[in-house]
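Computed from heavy atoms alone, side chains included, the values below leave out hydrogens, waters and symmetry copies.
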Amino acid sequence: MQRVAIVTGGTRGLGKATSQILHASGYRVAAVYGHDSAAAEAFRDETMIETYQWDVADLKSCQEGVAKVERALGPVEILVNNAGITSDAVLHKMTEEQWSRVIQTNLGSMFNMCRSLIGGMRERGFGRIVNISSVNGQKGQFGQANYAAAKAGILGFSKSLALESAHKNVTVNVVAPGYCDTDMVASVPPDTLRAIIAGIPIGRLGTPADIARMVAFLVHDDAGFITGATFSVNGGQHMD
Ligand code: CAA
């Protein structure tokens, strides 16, 4: 039986690598994207993985999107909540819009997607949820009060859902990536990025595959005794 997996933000960056590794491992993958249709089209052509468009910041949009995936591919048993944005600014310059948009996209999406899928996973007695946090949710980051708050919120959210779901054979874990070679990190000012890389003991940015391999491990049937845990994949930048 091929299990069905949804990967949000699944056509670019860490999500793209995750969609690809799950697809290569035999899962039926629905890669969800928000706005970048050109990237999604290129992804589809390159990988032959099916793409779906919806806004993870909006509950109704998630419910409708999940229903569409389930009609096409069958019940969703694996969810990777990877979609996220940055809108960096020091707090004394941050607008309410920057705050709300990042919180709603990065943390609100956890509620929206898990709420749309958890009922079915509980009924069927199987589920694997992996929520993507960040090293900056664990340690804080200059200029990221919004992002770090959302990414830290994911930790409490995931542990709570893990407690509620364990007896239904639904596991919920967190992967906390460090700085990786993605468009998001490429937008960090060059001097700042150089200083950040200097603080990574492994001495390089992560690759998207470094993160995707951890996600693939956690969603496997054999990972059923792992739940409520946070896995740091950050080259030693922050040991937590
Ligand atoms: N620590 C301490 N001081 C810092 C600092 C830091 N990390 N970064 C900047 N400063 C200082 C500057 O030196 C400057 O000091 P002076 O006024 O004395 O010169 C002051 O803060 C203001 O700096 P800027 O001129 O750069 O301020 P700005 O308002 O233009 O921009 C910023 C601030 C938006 C935070 C910008 O520095 C920035 O984008 N930093 C990168 C933040 C970051 O790491 N984001 C991660 C994105 S990737 C990601 O999030 C993925 C993931 O999960 C890891």
Side-chain angles (χ1 to χ4, degrees), residues 2-34 39-40 43 47 49-57 62 65-66 68-70 73-85 105-118 120-121 126-134 137 150-151 153-155 157-159 161-162 165 170-177 180 182 184 206-224 226-233:
Q2 280 187 305
R3 296 202 187 276
V4 175
I6 286 180
V7 181
T8 68
T11 64
R12 296 196 302 130
L14 307 184
K16 177 181 176 184
T18 302
S19 296
Q20 286 180 291
I21 197 168
L22 296 188
H23 180 69
S25 307
Y27 300 93
R28 299 192 74 181
V29 178
V32 180
Y33 68 98
F43 168 85
T47 64
I49 297 170
E50 297 181 46
T51 61
Y52 293 80
Q53 180 177 22
W54 71 75
D55 180 3
V56 294
C62 291
V66 164
K68 202 169 163 192
V69 172
E70 294 201 321
L73 305 181
V76 175
E77 296 178 302
I78 293 163
L79 169 63
V80 183
N81 273 316
N82 165 75
I85 58 169
T105 304
N106 297 5
L107 184 58
S109 60
M110 298 288 146
F111 173 81
N112 296 337
M113 287 303 301
C114 290
R115 185 67 183 83
S116 300
L117 283 164
I118 194 70
M121 289 180 176
F126 182 87
R128 296 278 183 268
I129 298 174
V130 177
N131 296 326
I132 305 299
S133 176
S134 164
K151 293 296 188 179
I154 289 172
L155 306 181
F157 173 86
S158 302
K159 290 175 190 176
L161 187 58
S165 311
V170 177
T171 66
V172 185
N173 290 291
V174 174
V175 173
C180 295
T182 61
M184 184 183 273
T207 66
D210 286 331
I211 309 306
R213 279 190 287 268
M214 175 57 86
V215 176
F217 174 78
L218 292 171
V219 303
H220 198 276
D221 279 26
D222 290 347
I226 305 170
T227 196
T230 300
F231 296 85
S232 301
V233 186

Evaluate Asp221 against Phe126 for side chain to side chain contact (heavy atoms under 4.5 Å, CB included), listing each step before the verdict. CA-CA 9 Å; Asp221 279 26; Phe126 182 87; 3.5 Å; yes

Check: [X] side chain, [Y] main-chain N or O, donor-acceptor pair, under 3.5 Å:
X: Ser158; Y: Asn173; answer: no
X: Gln53; Y: Gly34; answer: yes
X: Glu77; Y: Arg128; answer: no
X: Thr8; Y: Asn82; answer: yes

Please tell me if the side chains of Thr171 and Ile226 come closer than 4.5 Å, counting only heavy atoms from C-beta onward. no

Could you walk me through whether Met113 and Val66 satisfy the side chain to side chain contact (heavy atoms under 4.5 Å, CB included) test, starting with their C-alpha distance in whole Å, then the side-chain angles of each, then the deciding distance to 0.1 Å, before giving a yes or no? CA-CA 8 Å; Met113 287 303 301; Val66 164; 4.0 Å; yes

Give the intermediate values and the outcome of side chain to side chain contact (heavy atoms under 4.5 Å, CB included) for residues Met110 and Ile129. CA-CA 10 Å; Met110 298 288 146; Ile129 298 174; over 6 Å; no

N/O donor-acceptor pairs under 3.5 Å from side chains in residues 9-17, not counting sequence neighbours:
residue	atom	partner	partner atom	Å
Arg12	NH1	Asp183	OD2	3.0
Lys16	NZ	Glu46	OE1	2.9

With sequence neighbours left out, write down each residue that passes salt bridge (Lys or Arg N to Asp or Glu O under 4.0 Å) with Lys151, or none if nothing qualifies. none

Side chain to side chain contact (heavy atoms under 4.5 Å, CB included), paired with Leu107, selected from Asn112, Ile154, Asn81: Ile154

Quick check: are there more than 12 heavy atoms from other residues, nucleotides or ligands sitting under 6.0 Å from CZ of Phe217? no

